[in-house]
Number of protein chains: 2
Amino acid sequence: MHFVEQGRAGAAAAGLTERQGAVLERALGLLVEGGERALTTAGVARAANCSKESLYKWFGDRDGLISAMITYQAGKVRTVEVSAGALTAETLRKHLFAFACDLIDVLLGDVSLALNRLAIGQASREGAGLGRLLQERGRRQIGKRAAALLEAGRKAKLLAFDSADEAYGTLYGLIVSDMHLRMLLGEDAGALKKEFSPRAEKAVDAFLTLYGAKG
Amino acid sequence: MHFVEQGRAGAAAAGLTERQGAVLERALGLLVEGGERALTTAGVARAANCSKESLYKWFGDRDGLISAMITYQAGKVRTVEVSAGALTAETLRKHLFAFACDLIDVLLGDVSLALNRLAIGQASREGAGLGRLLQERGRRQIGKRAAALLEAGRKAKLLAFDSADEAYGTLYGLIVSDMHLRMLLGEDAGALKKEFSPRAEKAVDAFLTLYGAKG
DNA sequence: TGCGTACCGTACCGTACGGTTCGGCATCTT
DNA sequence: AAGATGCCGAACCGTACGGTACGGTACGCA
């Protein structure tokens, strides 16, 4: 597993009290459990044993609370550096496979799905504020890892591509296809996650067929 | 253009009055313009010059109205049969490219995005009812066209694959990547749609590299 | 002419939510 | 001891929404 949950580290990183982190944790739980409708200020206050007054003092308003939730959650996902050592065709394939599995784990996680649903629902009425925040915070980390991996592959003459972004887009599409959207629409996660391993292998194979350096 | 808008045909198909179709049209307009928040019963009634009483008589309740909107909108998208004539490598590529463009046109259309946002927002709190409906109605049509195209390609010995579903999943991922999600999150559609043509060509190239019959 | 039907516009009701205010309690500071 | 601070719990306010009820109107039909 290459993504590490760091407990309350997200709180400290964002300049939040331990208590505030705990409140955000409960709020995320509420959101996961009951969707946006369950994320009421009164509900969060009750679930976290704090007062609405404190919520408004700490986070400003409901949108501030949501933004804090996104930032807090994003702070919990960290990637480990890809070992910059010698990269063989075999280790590259392994790294790509691990990346695929971790990507799916993150995208299809309860909290990620709930936050994406929330941001998408908000996207229509109020600019792309939350959407951009989610995209930035969430994708930056994982995209950086992918970019590093691809770049390492190119340096080792195992991959050939002009644009790393384009290659990453292709890799992403091969791995995810429409799974993310289907999950967002409410499809049962269990079924798809179980049978994903072979799918991930096929995606990696396809990616290597497309971008593997001709030997 | 292979997807045809059929005006009010969707209404008749679903057993709806002309008037009811017009109401759904206004409701869709409201949804596109202002998101879920704008889709209030009073708002729809005002915009469509009808009474709330009629809305409830026709559609039961708000969810019924939304379901009717989805069904109505899905009824407007029709695919044309792929000409079953002789399929050459060149025409296959052309058909795939046209499919890619049409797929993007549909997925990134105003109404489609708005309905997907609505269904995703609803997905958390209330089963997957709307999500499944949207998936069934919207995807069935376009998936059927893709399946027919792929099958024709295999019959002409231009494509080689074991599972048509899997091949379609790959094609979908190559074409769409994460564009759909980014749009749902509120990214500006104009920019991505403009520069899509070369992307679509690359996706088709990649697909043919993966699934083109050897030789 | 009278009656039924379908519809509109508006008013209404209950509820729920975001946000504010206030009294009270515990802890800390001086 | 006395004030200040931070917080909780609850009450409160304005608003907005889903859903219902009612009066009024146009039209078809006997």
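Chain A is the first sequence line, chain B the second, and so forth, proteins listed ahead of strands; every chain is numbered from 1.
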Salt bridge B:Arg26-B:Glu33, side-chain N to carboxylate O under 4.0 Å:
no
Looking at B:Lys202 and A:Glu166, does any basic side-chain N land under 4.0 Å from a carboxylate oxygen?
yes
Which of residues 52-61 of chain A have a heavy atom under 4.0 Å from DNA chain C?
A:Lys52, A:Glu53, A:Tyr56, A:Asp61
On DNA chain D, more 5' by nearest nucleotide between A:Ala48 and B:Leu39 is A:Ala48
Does B:Arg46 place a side-chain N or O at less than 4.0 Å from the phosphate oxygens OP1/OP2 of D:dC17?
no
I want to check one thing: is the phosphate of C:dG18, taken as OP1 and OP2, less than 4.0 Å away from some side-chain N or O of A:Thr41?
yes
When the distance from [atom1] of [X] to [atom2] of [N] is rounded to whole Å, what number comes out?
X	N	atom1	atom2	value
A:Glu18	D:dG6	CD	C1'	18 Å
A:Glu36	C:dC17	CD	P	11 Å
A:Arg62	C:dG18	CZ	P	5 Å
A:Arg37	D:dA16	CZ	C1'	12 Å
B:Asp63	D:dG18	CG	C1'	11 Å
A:Leu65	C:dC17	CG	C1'	14 Å
B:Gln20	C:dC8	CD	P	10 Å

Ignoring hydrogens and angles, tell me if any N or O in the side chain of [X] forms a donor-acceptor pair with the backbone of [Y] under 3.5 Å.
X	Y	value
A:Arg199	A:Ile175	yes
B:Arg117	A:Ala123	no
A:Gln20	A:Thr17	yes

If you count every heavy atom of other residues, nucleotides or ligands that lies below 6.0 Å from A:Asp61 atom CG, does the total exceed 12?
yes
